[in-house]
Structures are given as C-alpha cells and as structure tokens.
Amino acid sequence: MTRSICVIPIEFQDQSLIKSLRRYLAQTFEVQVDIRNKKIDTARAYDQYRNQYHSSDLLKQLIDDPPDKGACKILGLCKFDLFIPIFTYVFGEAQLNGLGALVSTHRLESEFYGGHEDHELLKERLIKEANHELGHTFGLVHCKNAGCVMNFSTYVEDIDEKNILFCNECTAIIKQKR
Amino acid sequence: MSNKDINILIVDDEYSVRDSLSQWFKADGFTVDTAENATEAFQKFKKRKWDIVLLDIKMPGMDGIEFNRHILSVDKSIIVIIVTAYATVESAVEAIKDGAFDYISKPLDPEYLTHVIRNALEKRELAKENVQLKARLTDLSTPDDIVGNSPQLRQVLKMVASVAKTDSTVMIRGESGTGKELIARAIHANSVRKYAPIITINCGGMTETLLESELFGHEKGAFTGADRLRIGKLERANKGTVFFDEIGNISEKMQMDLLRVLETKQFTRLGSDKSIEVDFRVLSATNKNLEHAVKRGEFREDLYFRLNVVTIDIPPLRERKEDIPLLCRHFLNKYTQSMSKSISDITPEAMEILVNYEWHGNIRELRNVIERAVVVCDEENISSKHLSFPFHSGDTSVTTNGNSLEATEKNQIHRILQQTGWQISKAAEILKIDRTTLYNKIKKYNLSK
C-alpha cells in the first residue's frame, strides 16, 4: 500500500520546479507528496574519470532507511549527469516494482543540446521523466502505446513527443498497486 | 508477440553489468536472466530457448568467442550481441565472422543499444516470417489430392519420400488418371529444389516444332511468328524440376535432342548459337509400356535408361478399392465446399456401386463422377440416382468387360468430337478430360474427322 510519494532534492535548488513537480505528482498518483531533505554523500557517487555521478549509488543512499516504514515511494531529484557503469549516461534510474527512483534534469535541459534555456519545456520533461521512473516503481514496464508516458524514450525528442500522463492500461495497474 | 515472449540472456562476469542490463531489459518487459560465465550459461541453455544473448568476450574459463561458436553451432537462430571493451574490437569482429549479430562497446550508449536491439528483433521477426512463408509454400505445393490408405498407395508414398531426398531421375508409370502429375509434384515438394519451380511439359499434346520451342525457347525472329524472345521451359526450370508428362509420345528427333540436354544440361534457344547451362531434376511419366516401345525401336534405349533410373508404378484404382471410399469422401468434401452445398455423405448403396465400378479412367474419372453427383444432388446424401458414368449412358450397373467399355469410350469421344467440329479444347471440356488425354485417346482409337 503506497500512502505517499517522498521527493528528495539532491543539491537541487530550483524551488519552482520542485513545487510544480509536487503538484503534478499528487494529481497523477492521487497520493500525498512530501518534500524531504536527506543527507546524500554525492562525492561518493562522483566518478572523476567520467565526470559523472553513479546513479545506482545515489539511489542506494536515497532508499536507505526509508520514511513511513516503506509505505511511500521515494523520488530523488538532481541536476547531475548520471551514469551506470555499463552505459555512457542515463536520464534516470528506478527500481522495477521497488521503492525508489531518481531523475536528473541534466540531459533534459535544452542548453545541453545547444539550445536556449526553456523553463516550461524543462518542467514538462521533468514531470514526464518523474512519472515514468515512478511508474517503474509501481511495476510498470515500457508501454507500447506511443502516447503513454511509460513509452520508452531513446532521445530527448522522444520525451517531448509523449504525453505527460499514463495510458488507461498503465493507470489501471498503478491503481491496483497503489 | 509481446516482449515477454522474447528471452534475453546476459552473460558477463561483472555483476554490475549483469544487473544494469537486466534492469534495462526488464523495464522493456523482456524475459531476462543472467549468467556469470559460460558454464552457468550452458546450464541456462538446457532449461530454455534464448532468443537474444548479450555476451561478454572476456570471461574466466571459456571466453565469449568460443561460447558464441558453441551456441551458434547448435542453433543458428540465436541472436548473439557481443559486448566488449574497446581493446577487444578485433575479437568482436572475429565473433561476427562466426555468426554473431553485432557488437557493442562498453560503456554502452543507451541510444545505440536500443538501436541494436531493435535491429535484432527485426531480424528475428524476419527469420520467423521466412520460416512461416516457407512452411506455407510447402503446404501449397504439397498435393492434397493424394488420398488413400491402401498398402499399394502407402508403398508409392514411401518411394516418393525416399526418392524426394535424392536428385535421381524418376519415371512414374501408371494408367491415365492415376495421378502421375500429383506424385511428381509430391516428389518436387519434398525435395531440396522445392523453392524453385516445377515445370510440367505435356509431351503428348504438342507438335514437334511447338514442343521444341516450348522446351528451348527462341530468339526474336528465329522463325515466322517469333516476334519476340521467348524463354523456354527448361530455362525457367533452372534449380527446380522438369516434369515430362506422356514422355512416350515424343518424336524421334525430340528424343535425340532431349537425350543431349539430359546428358550435358546445356541447350541453345532456337535461332541462337549461345549455349545455356541449366540445373534441373528430371521426372517423367508415361502410361505406355516403354519397354515394348524400346523393343519395337520406337523409343531410344539410351534415353529410356537415362529417364528410368528409379521407377514408381502407380497402381490403377481398381487394384486398390479400399481407397475408393476415402477418395469419394475427399472429393465430396472438396466439391460441397467449393459449390457451397450441404451434402453430408454418400449412401451405402451408392458407395457400393462406386467401390465395385472398374474405374478405367481412374481417380480423374471418380473425381468427375463425384463432381457431377454434387452438382445434381439436392438431398442430404448422394444416392445411386445422382451417379452417372459418362461411358455408360446413365447405366450405373457394374461393368467388368473392358472391351465393351473401350468401345463405348471410343464412340463417345468420336461423337463429341463430331459434335464440336473437332475442337479439341471444347471436346475435352465436355468429356471432362484434359487435352493431353484426349489426344492420347484419339491416337489410341485411331479416330479421324
């Protein structure tokens, strides 16, 4: 039974993004969304050689000693360029049918691809990625429905093309598992 | 097919790689498992068929290159993707030469991995589609009109199965209407040449010049009327099978030409001096006693021996009466379906007549009798009143006198030929026999205008 979603910002300062994310998550998952602080050792996750942060390490720290005796999902929020050793980069990471997920805005920003700053677009991409990664924690796999937020995104443009919400089938699964 | 039905095995000695890739694929809904080394992977192979294997090259014990060779030697349909560090690209290339699908370098670019997996799945789908199409093709080319369970037919089918696997020349002998062409098609359909065409040449129904042109083709302007190039049947049969029907009817000159082609597998188009090489298997059929024809000097002995490497004798229907009920029901089913009629069966009394009839026209005649019965029958079962035997003018009694049947047949054919003004196609249609058979009958009964 999931009673709440706990968003933990990791060195993440953009309060307007955090507020928007909180509002959208509460609407989408129909649970309480709390913003909490937690001490995360980011230096431990930093890989000097790759100049990136090991997302699995950050995720491990996030779910360590969870609040509410595990009756919440944890979403870490950061601006780091994330990686897992086998991949050159990842947008985020989640535990399938698990407790925690992590998303980064690093590769969601237009500036990363040589574009101009676009706060609205970044907000939309962040909400989609947060929904997507949290969807995995509810046991959802990638959805074949092109419009669904659980549809797999290879490129950032793919994120822009899909909807912010889950399709009916995925929504039904979330309701079942919530 | 959903991703759940696709099994992916990740073979890597590094836990983090196995774990990360496993999570990555699970998020896509694939069925995923991991193995730490080749030994563990072999164990996993004993339990399940794996569609895609992501394989690390450098592993303790048996390395990925060797493991790749082992699994592909057992099942070529497995898609192996080599995962390698930059330093071992040469080994990855070696693995690809051994049949691996692709290789990706560590650390993997998620975009590239997605692209490789997408290609792998496409390849898998195409391979599956190919297998299905081939199976469908086999179904299509397997004659479904070979029906029966008699020891004689089983013996014929046993021969078909055994000669089909070879490339031997086969002569099929049997009376008219026994299904010689069906047997030829069954041999072809079960041979390695099944994906190439089987070309039938009706030697009985053609003049010498026409047969020559049909067989070898001709260049534009080779003779009057040859207004364009024509590819001959032998050329069209390349890699496939040529079936010479009624081979006993070809002229002396054609016998000589054919012998040369069969010996050299080369020929020239009419009007050309360029030799064309072809590769085909030869099947032939006859309803004549070719041994007698050889003795009488009407058929070349050397051609006879070249064509008659293996002989399949198809027994006439009257010698395998137990197949008649099966054949009757097979044709009943076929024609009721094609004519959308709801006839359930044949009455025992009608079946007795059908079983005891002599069937000199063999299966073709039986098929025609059942087809006519289905046309005229408006009851639940076919009874004796629906049966009409063309050579017996409505008389459904059993005839055992072969001579009187021949006389009736001769008269009937002559009557229809006169009626149609000797239009062969029209007469054949009315008599419900093919043109080749009609020509043979005209020759047999020495009929003329």
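All chains are named by letter (A, B, ...) in the order of the sequence lines, taking the proteins before the strands, and each is independently numbered beginning at 1.
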Novice: Any side-chain donor-acceptor pair under 3.5 Å between A:S16 and A:D14?
Specialist: yes

Novice: Assess the side chains of A:D47 and A:Q52: does a donor N or O sit below 3.5 Å from an acceptor N or O?
Specialist: no

Novice: With only heavy atoms counted, which part of B:E111 is less than 4.5 Å from chain A, the side chain, the backbone, both or neither?
Specialist: both

Novice: Side chain from CB out, backbone as N, CA, C, O: work out which of these in A:F152 comes under 4.5 Å of a heavy atom of chain B, or both, or neither.
Specialist: side chain

Novice: Using a cut-off of under 4.5 Å for heavy-atom pairs, which of A:V141, A:I86, A:I84 has the most such pairs with chain B?
Specialist: A:I86

Novice: Is it true that A:H142 and B:N3 share a donor-acceptor pair across their side chains at a distance under 3.5 Å?
Specialist: no

Novice: For B:R118, is it the side chain, the backbone, both, or neither that has a heavy atom closer than 4.5 Å to a heavy atom of chain A?
Specialist: side chain

Novice: At a heavy-atom distance under 4.5 Å, which candidate from B:H115, B:E14, B:K26 has the highest pair count against chain A?
Specialist: B:K26

Novice: Could you have a look at B:D109, B:D12, B:L113, B:V17 and say which one has the most heavy-atom pairs with chain A under 4.5 angstrom?
Specialist: B:D109

Novice: Would the distance check show the side chain of A:D81 and the main-chain N or O of A:Y89 forming a donor-acceptor pair, the cut-off being under 3.5 Å?
Specialist: no

Novice: Is a side-chain donor-acceptor pair under 3.5 Å present for B:K49 with B:S77?
Specialist: yes

